Amino acid sequence: MTAESAQSRYNPRDAESRWQAEWDDRGIFRTPADALTKPSAPGQPAPKKYYVLEMFPYPSGRIHMGHVRNYTMGDVVARFMRARGHAVLHPMGWDAFGMPAENAAIERKVHPKAWTYDNIAAMKKQLQSMGLSLDWSREVATCDPAYYKHQQRMFLDFMREGLVEREQRKVNWDPVDMTVLANEQVIDGRGWRSGATVEQREMAQWVFKITRYSQELLEALDTLERWPEKVRLMQKNWIGRSEGLLVRFALDPKTAPAGESELEIFTTRHDTLFGAKFMAIAPDHPLAQSAAKKDAKLAAFIAECKRMGTAQAEIDTAEKMGYDTGIRALHPFDASWQLPVYVANFILMDYGTGAIFGCPAHDQRDLDFVNKYGLGNVPVVCPPGQDAASFVITDTAFDGDGLMINSHFLDGMTIEAAKEEVAKRLETATRGNAPVGARQVNYRLRDWGISRQRYWGCPIPVIHCEACGVVPVPAKDLPVVLPEDVTFDKPGNPLDRHPSWKNVTCPQCGKGARRETDTMDTFVDSSWYFARFTDPWNADAPTTRETVDAWLPVDQYIGGIEHAILHLLYSRFFTRAMKATGHAGLDEPFAGLFTQGMVVHETYQKPNGEWVTPAEVTLDEAGGARTAKLAATGEPIKIGGIEKMSKSKKNTIDPDDIMGTYGADVARWFMLSDSPPERDVEWTERGVQGSARFTQRLWRLVGEMADIAEQAPAARPDSFSEPALALRKAAHGALAKITEAIEKLHFNVAVAHLYELANALGSAIARPAGTPDFAWAVKEAADTLVKLFNPMMPHLAEECWTVLGRRTLVATEPWPVLEPALLQEDTITLPVQINGKKRADVTVSRDAKNPEIEAAVLNLDAVRKALEGKSPKKVIVVPQRIVNVVA
RNA sequence: GCGGGCGUGGCGGAACUGGUAGACGCGCCGGACUUAGAAUCCGGUGACGCAAGUCUUGGGGGUUCGAGUCCCUCCGCCCGCACCA
């Protein structure tokens, strides 16, 4: 490479670290504590706030491409909004508690704390090399006692408010490791480390009363206009409001266990009561428990059910199994009609009353069940157009609309009317002084179990005293700090077997007591970090009311779709709980939500099936066919499917490698190109190279434009020649489109318009007019170009800004101002369709009236030819859009 | 199983509120420059057809002057399911 060509190339390695240092030295991304109260200029009002937040990462050790994509998007928004004059808050922190740290401790004998902080240091360095406009002065780590002490305080405040309770919950128990397992640690019913068969076990757990807000969380979804519709729908289904009926079935005394006389069920299909074939109760239903006392086989069946994990998907897909208890329930409308009571593995104690009546004809699970146990079915809803007498159900339940049949007094009614009639009759019928039926609104949402029997989490600040019961840790004793001298060589929770930590005196009676050894679910940590960022310096309280209320809600929250339900719903609850306890003044934490897609990559395999990393593979695309071989040996490699980047398939790309080779700007640019941000993006070497070429092209283009711009007069010319005007139109057209695209977070569209602008400017300066007005237009266009790509490629933009002779930082420059007059054309060209197919164009003046347009269209050769002298049936003129002639 | 989503050239994708399908990029083909390569620049590129033209947004059907977009149905792929974060 000659000295000359070295000079003409942009060198990201040199430029990026230089500009990062410059930004840092000037502190331009720090949001001062008084940002929202201090006037932006003397006499001016304080700027409007804009809070942009990306989901903070778990410090796993290295950032991955998903992070690069997520944080690039947030950074584009942050830089864009700053340029538009907002006071921007754009912080970063660490979701630092969690199981991987404990796994590392067990597997590699490193302390969770040391492992976590090493990872944070490494990842912070990586994030900093991306050139993100973050305010690092607000950095928080959830494992820092300075953070979790406030969380413990809020736990106690919630407790006082009645938002915390103890509840018996089922967990996955590993009898060998003596520990509770996460669903992901249960593989085919066995513990991942021990291989022991996992069983369900009831344990007392701390829960947050999220169900108190079920209705509110549901209704408020309608107000979240800047959330994706699909996320709102998923939350709505998760909350699962249903209106139904509680029905008390009497039990045949001859068959019922001593002391049991009735079975209460919840149903939303009370219209199908005459199609009932059986009753089913959960294995842990009290009636099942009491029946099992005298029935060893039933007890064994219940024990068998407990050998199933607690994951919903597993419960639903397991084979439907039941056990006839011998108990008979009496139909509420016909006491002579007896229904067998089964214990069934697919009935959940957590939902409704833990008991149902089965109507097989109209529920697939019930139908599968009766078909297995030979109980038969009777259809009671007949689809429209179907003959009631011949309507039979065999393998497929009918859950559609129709009219009631085989249902006595309900026959001929709609489902809705039948529900109403049944509810009315059962509400007024009484047994033992109480109504047989009662309408009830039920929610699928369960209270949030936050107890974890693990070390690396926020300690739950309560003390168990034999005399006083559960006693909150007094505020003065917070934080309850995790002890550091713990070992991971034995099974179970290190906190539980720590020699001294859990032994304390009761704050109330002073006698010996025991600390709670459960720690909090890490979702608690991430349910309020966005609030903490508004004043992370407050050592006395979780938030500073004035500040948190000024900054929240987050204007734009960006993260993965995998958090669509749990993290976002818990945060919505937590914000309400903070409001109830005076820590914040609003209900909804995130005004705008964006969920990004994954980063995916091709997979590669040796003939023996062994996965190979992209770095080890050489690709060849000569002759249109793509083949691959192992770079080291030339061994042929099979090119596999495009899948989510994962360690197991070895199809990961290390962001450090990319940034080292091409620079951060190229990585950022490519992450935004091509794929719409909500969809998956495929990482390809070719694509990255294309991005890298474009950075060089921009660099050359700006350099050439700078040469012309030097001739520009200081004052704006009064008039512009044709080439200058064309240039200005291109620049302002791009400005309008790119502004709109970024506002809508359509980054790939913004990127496409930047390519177009670069193409247009390249062509324009290839034929320079050589006049002062042209030079002025080139200068304007160059400024605009650099400002427009600055949010995506900020380092290159700073470097270009210098080339344009500027001394300021483009990072602190305002967004270009649009001149709308430049976008107005005097004439418009409308496509002309004949019978819906495009056949010609017609050019008319911008404000031509429909009759004029129609006349011009009918005069076109193509139209005359198509009409063959006849008059058209119809001419449709859509203003500013299209003309359609119906022949 | 339940819930949610996605499907457009060789590839990633664009297309406002039902109005010119294929913007932009990648790849490929041809050309220029070069001793050669890299880089760069110019032109072409949905399919079929010599052409006029016809067909084309996962398959099938429908509504409409007009459908990638709305409705029905089928197929394929992906995500979440309460202790991964």
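From a predicted model like this one, the values you see are computed outputs, not experimental measurements. A, B, ... follow the sequence lines: proteins, then strands. Residue 1 opens every chain. Side-chain atoms are counted along with the backbone in the values below, which use heavy atoms only and exclude waters and symmetry mates.
Here the two rings, on A:F530 and A:Y557, have centers that are 6.0 Å apart or farther. A:W94 has its ring centre no less than 6.0 Å from the ring centre of A:Y58.
Out of B:G80, B:C41, B:G19, the shortest distance to the side chain of A:R700 is found at B:C41. Distances were taken from every side-chain heavy atom of A:L233 (C-beta onward) to each of B:G5, B:G19, B:C65; the shortest belongs to B:G5. Looking at the side chain of A:Y58, the nearest of the listed nucleotides B:A85, B:C81, B:A23 is B:A85. Among the nucleotides B:A15, B:A85, B:G4, the one closest to the side chain of A:H746 is B:A15. For A:H563, taking side-chain heavy atoms from C-beta onward, the closest of the listed nucleotides B:A85, B:G25, B:C65 is B:A85. When distances run from any side-chain atom of A:Q312 to the nucleotides B:A14, B:C83, B:A82, the shortest one goes to B:A82. When each of B:A14, B:C84, B:G13 is scored by its nearest atom to the side-chain atoms of A:S675, the top-ranked nucleotide is B:G13. Among the nucleotides B:A14, B:C83, B:G1, the one closest to any side-chain atom of A:V180 is B:C83. Of the listed nucleotides (B:A85, B:C83, B:A23), B:A85 has the atom at the smallest distance from the side chain of A:F523. The A:Q833 side chain lies nearest to B:G19 when the options are B:A85, B:G4, B:G19.
In this structure, A:L348 places its CG atom 17 Å from P of B:G1, rounding to the nearest Å. With rounding to whole Å, A:E314 atom CD is found 14 Å from B:A82 atom C1'. Atoms CH2 (A:W669) and P (B:C24) sit 14 Å apart, rounded to a whole Å. In this structure, CD of A:E202 is placed 14 Å from P of B:C83, rounded to the nearest angstrom. Atoms CD (A:E54) and C1' (B:A85) sit 17 Å apart, rounded to a whole Å. Remark: P of B:U20 and CD1 of A:I828 are 14 Å apart, rounded to the nearest angstrom. The distance between atom CG of A:D366 and atom C1' of B:C2, rounded to the nearest whole Å, is 14 Å.
Under the Watson-Crick or G-U wobble criterion, with both distances below 3.5 Å, B:A36 is left unpaired in every strand shown. Base pairing of B:A15 is not made with any nucleotide, judged by Watson-Crick or G-U wobble geometry with both donor-acceptor distances under 3.5 Å. Of the nucleotides present, B:G1 is the one that pairs with B:C81 by Watson-Crick or G-U wobble criteria, both distances under 3.5 Å. In this entry B:C26 has B:G10 as its Watson-Crick or G-U wobble partner, both defining distances falling under 3.5 Å.
Close to B:C2, at under 4.0 Å from its OP1 or OP2, lies no side-chain N or O of A:N237. Residue A:R452 has a polar side-chain atom (N or O) positioned under 4.0 Å from OP1 or OP2 of B:C83. In terms of phosphate contacts, A:R697 brings no side-chain nitrogen or oxygen within less than 4.0 Å of OP1 or OP2 of B:A39. Taking side-chain N and O atoms only, A:N183 has a distance below 4.0 Å to OP1 or OP2 of B:A82. Under 4.0 angstrom from either OP1 or OP2 of B:C84 there lies no side-chain N or O belonging to A:N103. Dashed line: the shortest gap from a side-chain N or O of A:N748 to OP1 or OP2 of B:G12 is not under 4.0 Å.
Residue-level contact check: A:G240 touches neither bases nor backbone, having no heavy atom under 4.0 Å from any strand. Heavy atoms of A:N759 sit under 4.0 angstrom from primed sugar atoms or phosphate atoms, though from no base atom. Here A:R444 lies in heavy-atom contact (under 4.0 Å) with a base. Across all strands, A:R679 comes closer than 4.0 Å only to sugar-phosphate atoms, never to a base (heavy-atom distances). A:L445 comes within 4.0 angstrom of a base, heavy atoms only. Counting non-hydrogen atoms under 4.0 angstrom, A:A311 reaches the backbone sugars and phosphates but no base. Here A:P676 lies in heavy-atom contact (under 4.0 Å) with sugar-phosphate atoms only. Across all strands, A:V886 comes closer than 4.0 Å only to sugar-phosphate atoms, never to a base (heavy-atom distances). Looking at heavy-atom distances under 4.0 Å, A:S60 makes no contact with the nucleic acid at all. If you check every strand for non-hydrogen atoms under 4.0 Å, A:W448 touches nothing. Heavy atoms of A:A564 sit nowhere under 4.0 angstrom from any nucleic acid atom. Residue contacts for A:V171: at a heavy-atom cut-off of 4.0 Å it reaches a base atom on one of the strands shown.
Residues A:R169 and A:E202 fail the side-chain proximity criterion, which asks for heavy atoms closer than 4.5 Å. With a 4.5 Å cut-off on side-chain heavy atoms, A:W238 and A:L566 count as touching. The shortest distance between side-chain heavy atoms of A:V688 and A:T661 does not fall below 4.5 Å.
Here, B:U57 and B:G5 have their P atoms 23 Å apart, quoted to the whole Å. Between the C1' atoms of B:G62 and B:A67, the separation comes to 11 Å (whole Å). Of the P atoms belonging to B:C84 and B:U20, the separation is 48 Å, rounded to the nearest Å. Between B:U34 and B:C41, the two C1' atoms lie 13 Å apart (nearest whole Å). Across the C1' atoms, B:G13 and B:G60 are found 26 Å apart, a figure rounded to whole Å. For the C1' atoms, the distance from B:G25 to B:G9 is 14 Å, rounded to whole Å.
Put simply, the side chain of A:Q205 and the base of B:C83 share a donor and an acceptor less than 3.5 Å apart. In this model, no side-chain donor or acceptor of A:R686 finds a partner on the base of B:C11 within 3.5 Å. Not a single donor-acceptor pair, N or O on each side, falls under 3.5 Å between the base of B:C26 and the side chain of A:R693. For A:Q453 against B:C83, a side-chain-to-base donor-acceptor contact under 3.5 Å is present.
Side-chain atoms of A:R193 and A:Q185 include no donor-acceptor pair closer than 3.5 Å. Side-chain polar atoms of A:D447 and A:T211 form a donor-acceptor pair below 3.5 angstrom.
A:E756 has no carboxylate O lying under 4.0 Å from a charged side-chain N of A:K737, or vice versa, which leaves the two without a salt bridge. Ion pairing of A:R446 with A:E167 is absent here, as no side-chain N (NZ or NE/NH1/NH2) approaches a carboxylate O to less than 4.0 Å.
The nearest heavy atom of RNA chain B to A:A182 and to A:F694 marks one nucleotide each, and the one closer to the 5' end goes with A:F694.
Annotation: proximity of residues 92-100 of chain A to RNA chain B (heavy atom, distance under 4.0 Å) is found for A:D95, A:G98, A:M99, numbered in ascending order.
Within a 6.0 Å radius of NZ in A:K873, no more than 12 heavy atoms belonging to other residues, nucleotides or ligands are found.
The aromatic rings of A:W669 and A:F694 sit parallel, their planes meeting at an angle under 30°, below the 60° perpendicular limit.
In this structure, B:G9 shows a glycosidic angle within 90 degrees of zero, which is the syn conformation.
Just one residue in the list A:Y570, A:W448, A:F523 forms a ring pair (Phe, Tyr, Trp, His ring centres under 6.0 Å) with A:F208, and that residue is A:W448.
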